[in-house]
Colleague: 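So that we are looking at the same thing, I have put the structure below in structure tokens.
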Amino acid sequence: MYKGFRLGKSEIWYASPIVQLLMVAMVCFLCPGMFNALTGLGAAGQVDPGAQNDANTALYSTFAVVAFFSGTVTNIFGVKPTLAFGALGYCIYSASFLSYNHNQNRGFVVFAGAFLGVCAGLLWTAQGTIMMSYPSEDKKGRYISWFWIIFNLGAVIGSLVPLAQNLEATGATAVNDGTYIGFIVLMLIGAALALLLCNARSVIRHDGSKVILMKNPSWKTEIKGLVETITLAPWVILLFPMFFASNIFYTYQLNDMNLQFNTRARTLNGLLYWTSQILGASIFGYALDMTRFRRSVRAKASLVVLFSLTFVIWGGGWAWQKHQVAREILEDEKSTHVRIDWTDGGEKYIGPMFLFMFYGFYDAAWQTCIYWYMGALSNSGRKAANLAGFYKGIQSAGAAIFWRLDGVKTPFNTIFGVTWGLLAAALLFAAPVIWLKVKDTVTAEEDLKFSDETIADVGATKEATKSAA
């Protein structure tokens, strides 16, 4: 577990933060990454978005409830079993749409969505714990960036499969069975890979330090810790609107905007969207780790950039959206309306194609910054699990509401306006925390106040460093 080997100029080992992060990234590449590729097809590859809307409402409803308490589960059982169980739900979700292609059984699709919500709440909390607490303070932005790049490569590669299979689908048709079967196989591999992780207690950083946890966690101590995450730092609540808004844009972008296009253009849009996320994560992840500026300065600068992007990109989005076909026409099966195809070129396709790419870039920027903000508030694995649970739970509550708004046929323009408004308002609420509470460093002594461990248990020592090397 601790036998080192050279990778470029660095020495790494199996239980090192970077190896564990890369393994988690591969799990998410194969499970949530493929889920994103499926979602990016628009209506999960179906013509009528109704089934996916109902499934996603169920998904994010259960996700919101489970994730809020999943930090407690992760702290008790550990990241490996939590992540492995969480990965299983993605396979069942994809299988439900394969079934729907043949029997139109919406009940199975909704059940699969609800079950995936339970699983995803656990998976994303375990993932967030690893990404925020394993790296040292000077590497958190890069770790977030590396994870986001690999994770979204899953969606990019996953989008190539349906694109190749639907090149001739110039109308509005459901994708074929092979697309769903491919997703199912890849997701099963991801669930198996999660079992090869080591637990957080075994991880040793390059300086010999360990992840701060609880020595003897119990349901009582972890529920108390969940409450203390808020009561000891009540200002964390100001980040909740940013958590809430962090997934609501998927409803408009992937279901409403992308349905203006025919099947093959939708698959190409999905490919470009996730590719743009890789670019966004790369730029923001490395920028947030620029050591020439103090961490508190980087935090403030990132907030200003996010606020600017919110008005530039979404302002351009409104300039396009206000001229688009209404929902009633687009979803009318008897309508003779011809959807946008990539052969239309020029202003009709090329413009919205780049807009869709900017939306993907913006999503990665938003998510990267949120994880970095949370990681900057604490280096404790225990607190990171609770913050990640809060984040994913509140995020999913927002997503559930917006998928439901889409499910009840809310006008596209309304969904767009509410999404844009909430994103801007969320940044205003988060500003005091980012401006005043993100410090240049968090000491081990401060993090240990939230644990029963001591500095001797987790601090860097010559013996530990020698053992790790």
Side-chain angles (χ1 to χ4, degrees), residues 23-40 44 51-100 107-131 147 151-152 154-155 158 180 183-197 199-200 222 243 246-247 250 367 385-386 388-400 403:
M23 291 179 66
V24 170
M26 284 304 301
V27 172
C28 292
F29 169 98
L30 293 165
C31 294
M34 295 301 145
F35 169 83
N36 283 345
L38 180 60
T39 304
Q52 189 198 29
N53 282 333
D54 290 347
N56 281 342
T57 300
L59 189 165
Y60 289 109
S61 297
T62 55
F63 196 161
V65 175
V66 172
F68 206 82
F69 301 98
S70 57
T72 299
V73 176
T74 302
N75 285 331
I76 291 175
F77 293 104
V79 293
K80 179 167 71 173
T82 304
L83 196 77
F85 178 79
L88 289 175
Y90 291 89
C91 313
I92 296 173
Y93 182 82
S94 292
S96 72
F97 281 100
L98 174 62
S99 169
Y100 189 81
F108 180 33
V109 174
V110 173
F111 164 78
F115 182 67
L116 176 56
V118 174
C119 293
L122 297 172
L123 179 142
W124 280 108
T125 299
Q127 174 273 336
T129 303
I130 292 171
M131 193 169 66
F147 168 83
F151 161 52
N152 281 301
Y180 294 119
F183 283 139
I184 293 167
V185 171
L186 291 171
M187 290 171 174
L188 283 171
I189 295 172
L193 179 62
L195 295 172
L196 300 179
L197 286 166
N199 267 314
E222 295 317 303
F243 295 175
S246 60
N247 258 14
Y250 284 143
Q367 307 268 5
N386 289 332
F390 291 156
Y391 171 45
K392 301 307 291 189
I394 295 167
Q395 177 190 73
S396 301
W403 283 113

Colleague: Indicate the atoms forming the closest heavy-atom contact of T82 with L122, along with that distance.
Modeller: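 Distance-wise, the nearest heavy atoms are CG2-O, 3.4 Å.
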Colleague: CE/M26 to CG/L193 distance, rounded to the nearest 0.5 angstrom?
Modeller: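 CG of L193 is found 6.5 Å from CE of M26.
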Colleague: Working to the nearest 0.5 Å, report the span between CZ of F63 and CG of L116.
Modeller: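 It is 8.0 Å, given to the nearest 0.5 Å.
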Colleague: Which atom names give the shortest non-hydrogen contact between N247 and A399, and what distance separates them?
Modeller: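 Here N247 and A399 meet closest at CB-CB, 4.1 Å.
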Colleague: If I compare all heavy atoms of A388 with all of G128, which pair ends up nearest, and what's the gap?
Modeller: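 Distance-wise, the nearest heavy atoms are CB-CA, 4.1 Å.
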Colleague: I'd like to check F68 versus K392 (side-chain heavy atoms, cut-off strictly below 4.5 Å). Are they in contact?
Modeller: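 Side-chain contact under 4.5 Å: no.
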Colleague: Strictly distance-based, threshold 3.5 Å: is any side-chain N or O of N152 a donor or acceptor partner for the main-chain N or O of G33?
Modeller: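 No, because the side chain of N152 does not come within donor-acceptor range (under 3.5 Å) of the backbone of G33.
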Colleague: Indicate the atoms forming the closest heavy-atom contact of L83 with L123, along with that distance.
Modeller: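 Scanning both residues, the minimum pair turns out to be CD1-O, 3.4 Å.
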Colleague: Can you confirm whether L59 sits close enough to Y93 that some side-chain heavy atom of one is under 4.5 Å from a side-chain heavy atom of the other?
Modeller: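 In contact.
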Colleague: Of all the heavy-atom pairs spanning S70 and G389, show the shortest one and how long it is.
Modeller: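 Where S70 meets G389 most closely, the heavy atoms are OG-CA, 4.0 Å.
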Colleague: If every non-hydrogen atom of L197 is compared with every non-hydrogen atom of K80, which pair is closest and at what distance?
Modeller: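 Taking L197 first and K80 second, the nearest heavy atoms are O-CD, 2.7 Å.
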Colleague: With a 4.5 Å cut-off on side-chain heavy atoms, are V66 and V73 touching?
Modeller: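 They are not in contact (no side-chain heavy atoms under 4.5 Å apart), so the answer is no.
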Colleague: Using the six-membered ring wherever Trp is involved, compare the ring planes of F97 and Y180 and label them parallel, tilted or perpendicular (cut-offs 30° and 60°).
Modeller: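 Ring orientation of F97 relative to Y180: parallel.
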Colleague: Checking the side chain of Q367 only, and the main-chain atoms of S246 only, is there a donor and an acceptor separated by less than 3.5 Å?
Modeller: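 Judged by distance alone, yes, a pair lies under 3.5 Å.
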Colleague: Between atom OG1 of T62 and atom CZ of F115, what is the distance when rounded to the nearest 0.5 Å?
Modeller: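 So the OG1 of T62 and the CZ of F115 are separated by 10.0 Å.
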Colleague: Quick one: CZ on F183 to CG on L188, what's the gap to the nearest 0.5 Å?
Modeller: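 Answer rounded to 0.5 Å: 13.5 Å.
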Colleague: Is it the case that the ring center of W124 lies less than 6.0 angstrom away from the ring center of F151?
Modeller: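 Yes, the ring of F151 comes within the 6.0 Å limit of the ring of W124, centre to centre.
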Colleague: Check C31, C119, C28 against Y90 for a side chain to side chain contact (heavy atoms under 4.5 Å, CB included) and give me the one that passes.
Modeller: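 Looking at C31, C119, C28, the match for Y90 under the side chain to side chain contact (heavy atoms under 4.5 Å, CB included) is C31.
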Colleague: Does any part of the side chain of F69, heavy atoms only, come nearer than 4.5 Å to the side chain of E222, both counted from C-beta?
Modeller: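 No - every pair of side-chain heavy atoms lies 4.5 Å or more apart.
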Colleague: Could you tell me the separation between the CD1 atom of I189 and the CD1 atom of I184, rounded to the nearest 0.5 Å?
Modeller: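 Spacing of CD1 (I189) from CD1 (I184) equals 12.5 Å.
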Colleague: What distance separates F35 CZ from L30 CG, expressed to the nearest 0.5 Å?
Modeller: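 Rounded to the nearest 0.5 Å, the CZ-CG separation comes to 15.5 Å.
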